[in-house]
Amino acid sequence: MPELPEVETIARSLREGTAEQPSILNCQIERVKLFWQRTLAEPAPTKLSHLIKGRKITDVGRRGKFLMICLGEVTLQIHLRMSGDLLIRMGDFPPDKHDRLILWLRNASGETLQLVFNDPRKFGRVWATSDPQRVLSALGPEPLDAALTPTIFYESLIRRKRLLKPLLLDQTFLAGLGNIYTDEVLHLAKLHPLRRSDSLKEDEAERLLAAIRSVLTEGIARNGASIDWVYRGGEFQNHFRVYGRAGQPCPECGTPITRIVVGQRGTHVCERCQPYFG
DNA sequence: CCTGAAACCTGTCTGC
DNA sequence: TGCAGACAGGTTTCAG
């Protein structure tokens with residue numbers, strides 16, 4: 001499910017609250033239950049409750065596709081992978097079929113709420129650690145961080161001699177893009193996913209960075225993309241240029257969108273707007 | 001260093 | 001209705 005805009009949307013809703021649910025800031029963790037052992041990357045399952053029970057949630061944020069829930073000296077880091085979701089249930093309910101971890105929280109008003117990690121495919125992972133930087137150490141820069149200048153971006157593209165799409169999906173190169181947003185970005189930038197990263201000219205690299213920021217910003221503004229049964233709330237899926245639109249007309253030129261496979265991932269491209277030359 | 005294949009998992013959809 | 005196969009928003013590991 002989640003790429004940077006979906007994770008950012010979840011982080012904001014937990015931090016700031018929504019019409020349906022309050023913020024989880026300052027809530028205290030009262031009870032912890034893990035339903036699928038492998039969901040917990042760290043620490044050992046028997047040590048989780050002792051590590052986090054009684055702690056208060058001091059902040060909620062995002063780095064790349066990681067949700068960061070600060071509990072003072074300890075941080076919960078959650079990666080949703082393909083099908084994970086993090087949601088609030090007001091009150092005390094029996095677990096759903098795909099719930100993998102539940103934290104029972106109590107807020108300042110004394111209400112009980114559940115912070116639920118639900119993940120049908122069980123690929124998601126949760127870390128509870130006093131050294132969150134270690135888990136994030138391999139991540140590349142944040143795409144929306146102004147410290148990433150067009151010049152730095154261009155030079156890093158040239159340095160890594162790789163196909164454009166797999167490189168953009170590589171979280172050590174840039175943190176946050178996934179399969180949907182990468183296809184959208186490459187179409188907006190008019191670049192073919194099979195272009196070699198070291199073949200880009202400076203103006204193409206600048207165009208690519210601008211497209212990355214434009215697509216991610218729009219995705220966040222639309223609260224992410226809701227597809228299938230997993231993510232709820234976003235509406236960016238109604239504005240896709242190419243993703244999932246094979247056979248339908250390109251929004252720029254009307255040419256039917258093609259579906260190819262690049263690095264084992266379904267890839268959507270307008271062969272006219274995104275011409276391929278070696 | 002790069003690429004592709006396989007593994008980790010469950011659910012949905014399509015076609016016969 | 002049943003069943004096989006393809007496919008799904010991600011990452012890691014291994015072979016070449």
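Throughout, a chain's letter reflects where its sequence line sits, starting with A, and its residues are numbered from 1. Here the structure is a predicted model, which is why all the values come from computation and not from measurement.
For the P atom pair drawn from B:dC9 and C:dA4, the interatomic distance equals 22 Å after rounding to whole Å. Using atom C1' as the reference point in both C:dA15 and B:dC1, the two lie 15 Å apart (nearest Å). Of the P atoms belonging to B:dA6 and C:dA6, the separation is 12 Å, rounded to the nearest Å.
Of the candidate nucleotides B:dC9, C:dG9, C:dG10, C:dG9 has the atom nearest to the side chain of A:Ile227. With C:dT11, B:dC8, B:dA5 as the choices, the nucleotide that has an atom nearest any side-chain atom of A:Gln264 turns out to be B:dA5. Of the listed nucleotides (C:dG9, C:dC7, C:dT11), C:dT11 has the atom at the smallest distance from the side chain of A:Gln171. Nearest nucleotide to the side chain of A:Arg162, out of B:dT3, C:dA8, C:dG9: B:dT3. Side-chain proximity of A:Tyr243 to C:dA8, B:dT3, B:dC9: nearest is C:dA8. Of the listed nucleotides (C:dG10, B:dC9, B:dG11), C:dG10 has the atom at the smallest distance from the side chain of A:Asn179.
Counting non-hydrogen atoms under 4.0 angstrom, A:Tyr181 reaches nothing in the nucleic acid. The residue A:Arg159 sits apart from the nucleic acid: no heavy atom pair falls under 4.0 Å. Here A:Arg160 lies in heavy-atom contact (under 4.0 Å) with sugar-phosphate atoms only.
A:Lys65 has a side-chain polar atom (N or O) that falls below the 4.0 Å cut-off from OP1 or OP2 of C:dG10. At least one side-chain nitrogen or oxygen of A:Arg265 sits closer than 4.0 Å to the OP1 or OP2 atom of C:dG10. The side chain of A:His98 contributes an N or O atom lying less than 4.0 Å from OP1 or OP2 of B:dG11. For the pair A:Lys97 and B:dG11, the criterion of a side-chain N or O lying under 4.0 Å from OP1 or OP2 is met. Taking 4.0 angstrom as the limit, A:Lys122 places none of its side-chain polar atoms (N or O) nearer than this to OP1 or OP2 of B:dC8. The side chain of A:Arg121 contributes no N or O atom lying less than 4.0 Å from OP1 or OP2 of C:dT11.
A distance cut-off of 5.5 Å between ring centres, combined with a plane angle under 30°, leaves A:Phe123 outside any stacking arrangement with the base of C:dT11.
Ion pairing of A:Glu142 with A:Arg63 is present here, as a side-chain N (NZ or NE/NH1/NH2) and a carboxylate O approach within less than 4.0 Å. Contact check on A:Arg125 versus A:Asp119 returns no salt bridge, with no Lys/Arg side-chain nitrogen under 4.0 Å from an Asp/Glu carboxylate oxygen.
Grouping Ile, Leu, Val, Met, Phe, Trp and Tyr residues whose side-chain heavy atoms lie under 4.5 Å apart, directly or via other members, places A:Leu136 in a hydrophobic cluster with A:Phe66, A:Met68, A:Trp127, A:Val135, A:Leu139. Chaining together hydrophobic side chains whose heavy atoms lie under 4.5 Å apart leaves A:Val261 on its own.
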Check your understanding: In dot-bracket, 5' to 3', how would DNA chain C read with Watson-Crick or G-U wobble pairs under 3.5 Å, [ ] for crossing ones and | for pairs to another strand?
Key -> .|||||||.|||||||

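Taking atom NZ on A:Lys165 and atom P on C:dG10, their separation rounds to 9 Å, with Å as the unit. One atom, CG of A:Asp96, and another, P of B:dG11, lie 12 Å apart when rounded to the nearest Å. Between A:Arg125 atom CZ and C:dT13 atom P there is a gap of 11 Å when expressed in whole angstrom units. Here C:dG9 presents its C1' atom at 14 Å from CG of A:Leu67, a figure rounded to the nearest Å. When rounded to the nearest whole Å, the span between CG of A:Leu164 and P of B:dT3 equals 11 Å. Straight-line distance from the CZ atom of A:Phe173 to the C1' atom of B:dC1: 15 Å, rounded to whole Å. The interatomic distance linking A:Leu169 (CG) with B:dT3 (C1') rounds to 14 Å, in whole Å. Atom C1' of nucleotide C:dG9 and atom NE2 of A:His239 are separated by 18 Å, given to the nearest angstrom.
The ring pair (Phe, Tyr, Trp, His ring centres under 6.0 Å) contacts involving residues 180-206 of chain A comprise A:Tyr181-A:Phe236, A:His192-A:Tyr276, where partners must be two or more places apart or lie in separate chains. Within the structure, every pair that satisfies the salt bridge (Lys or Arg N to Asp or Glu O under 4.0 Å) test and touches residues 247-269 of chain A, not counting sequence neighbours, is listed here: A:Arg241-A:Glu252.
The nearest pair of heavy atoms linking A:Arg196 to A:Leu200 is O-CD1, 3.7 Å.
For the residue pair A:Arg195 / A:Ser199, a side-chain donor-acceptor distance below 3.5 Å is found, with atom types taken as modelled.
Legend: residues meeting side-chain contact (heavy atoms from CB on, under 4.5 Å) with A:Asn238, ordered by chain and number and at least two apart, are A:Glu235.
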